[in-house]
Amino acid sequence: MRQWAEQVAAVRVIGTGVMGRGIAQLAAAGGLRVELADARMDAVVQAVEQIGAMFDRLAAKGRMSPADAADAKTRLVPVGDPLTPLQDCDLVIEAVREDLAVKQELFAALEKAAPAHTVLATNTSSLSVTAIGAALRDPSRLAGLHFFNPVPLMRLVEVVPGARTAPWLQGALADLVRRLGHEPVLAADTPGFLVNHAGRGLVTEALQLLAEGVAEPVDVDRVARDVLGLKMGPFELMDLTGLDVSHPVLESIWAGFYDEPRLRPSRITRARMEAGLLGRKTGEGFYRYADGAQEVPPEPAAPQVEARPVWIAEDVRETLGALLGTNGVQVESGERPSAEAVALVAPWGRSALDAARDAGLPVERTLGVDPFGGFFTRLTLAVHPGVDPAAGRAAWAALAASGRAVTVVRDAPGTVAQRLLASIVNVGCEIAAQRLASPADIDTAVRLGLGYPRGPLEWGDQAGAGNVLGVLRGLQEATGDPRYRPSRWLVERAGLGLSLSEPGTSPADLLG
């Protein structure tokens, strides 16, 4: 495998769109001779010029030497017709439009034109590698090699073997990806492969929160960024991608896994897509856009009300109590709140109302604060229907006195950050449970492909597998919705005290 990767000298890239140009740029910079092909020769010539200009810009910025830039440009060869003799090519990478029939026809022709030693790869992002290979007499020479846009900057590459791909090929392609300075992960040939599958955890739960009226899109996005540390909230992301792209992906992955509830899409995105509220490209999605700039509603100011004492549940009194107390809030330390005090509870996976009832607290004066994140960033205040508005405003004002931003949401089992994280972790655990990817590759794919601060399994370890399991079980009990069914991977490892990121003992370990 490694020997093949080291000996690859020439690659033909078919397609001159943004993905084809990116792959060609990466390969030429990595020392390979790159034959760029397309049905239109003028498109090929233009693409070679664009890639050459990119090398010149990188040299001007000091990101590669002028000599390396000049050498890379000499390795770009315009060939035009994709079926031009392929005798000197070790690898062909297809990057044409996402159409199964088009790809099958192309690879059937390539199989006849390419010598037996030439490996065939498809950059498909959504089609089955096995289905593409079904058009070949020898599908063992075909695999998926899914790059991400922009290719030179996005270091992740999914290596996807089809059902009949030769076993040696996946490792050989992974070694070649490393040779080019990128990071390969091995993904099963299933809907969404690895990255798009793992990404369903965030957006499906964000849409569920909106459907339940727990929080508005801007509030979910603020919590996702400030508490979870995501670069972009789920609704911002859907607006950027466009619902004409993201909703069909939601539906195709859900259907591909035979209506798995954990991956269930939302009626909200279908309705908005049909209404043309696609996001940035149409000027309105979950946000409005003026001249391409996102219009974000201002954060509501905390109410100016007469201060009231605050009683805090014992499990977070030391942390939240210290935060409020050092900022001038009168914090009570008794076993029960006084008649004037508002009470704050911080449950995991339960509603503030249930926590108040179980503790015998006055429900009309008890609200929830999400403990996720340790109260270091944005605070989330959960309000149930029975809260006295005056008590709610006093609690909001007390939290705002800490200097932290405060998001007010409707009370539900598990608040926004807890639910988003639990869904992300649960989907990642199920990918591991179904052996669609290794734990290490799942985490790598999510960090590099989705830009999350941690992979789902290592994130679950940090938050505590027991805490994540508690959120899911609380939601499942409260709603009866099978979307919150905990993955067996999570249940077993939480019960055994094992890391979610480690495979654990298998029957193969006993067989030596």
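No side-chain donor-acceptor contact under 3.5 Å links Thr380 and Asp370. Side-chain contact check for Ser501 and Glu458: no donor-acceptor pair (N or O, by modelled atom type) lies under 3.5 Å.
Side-chain N or O atoms of Asp411 include one that pairs as donor or acceptor with a backbone N or O of Leu353 at under 3.5 Å. Within the 3.5 Å criterion, the main-chain N or O of Ala131 finds a donor-acceptor partner in the side chain of Gln104. Here the side chain of Arg264 pairs no donor or acceptor atom with the backbone of Thr204 at under 3.5 angstrom. A distance-only check finds no donor-acceptor pair linking the side chain of His117 to the backbone of Asp90 [under 3.5 Å]. A donor-acceptor distance shorter than 3.5 angstrom exists from the side chain of Arg410 to the backbone of Glu212, with no hydrogens or angles considered. Not one N or O on the side chain of Ser402 forms a donor-acceptor pair closer than 3.5 Å with the backbone of Leu323.
When each of Arg419, Gln208, Gln476, Glu477 is tested with Tyr484 by the rule side chain to side chain donor-acceptor pair (under 3.5 Å), just one qualifies, namely Arg419.
Here the closest non-hydrogen pair linking Asp461 and Ser499 is OD2-OG, 2.5 Å. His384 approaches Thr366 most closely through the heavy-atom pair NE2-O, 3.2 Å. The shortest non-hydrogen separation linking Val427 to Gly201 is CG2-CA, 3.8 Å. Nearest heavy-atom pair across Val227 and Ala417 is CG1-CB, 3.8 Å.
For Glu502 and Arg493, the salt-bridge test fails: no basic side-chain N is under 4.0 Å from an acidic carboxylate O. Using a 4.0 Å cut-off between a side-chain N of Lys or Arg and a carboxylate O of Asp or Glu, Glu260 and Arg485 qualify as a salt bridge.
Leu207 CG to Arg200 CZ: the interatomic distance, rounded to the nearest 0.5 Å, is 10.0 Å. To the nearest 0.5 Å, atoms CD (Gln418) and CH2 (Trp348) are separated by 5.0 Å.
Under a cutoff of 6.0 Å and an axis angle of 45°, Arg272 and Phe286 form a cation-pi pair.
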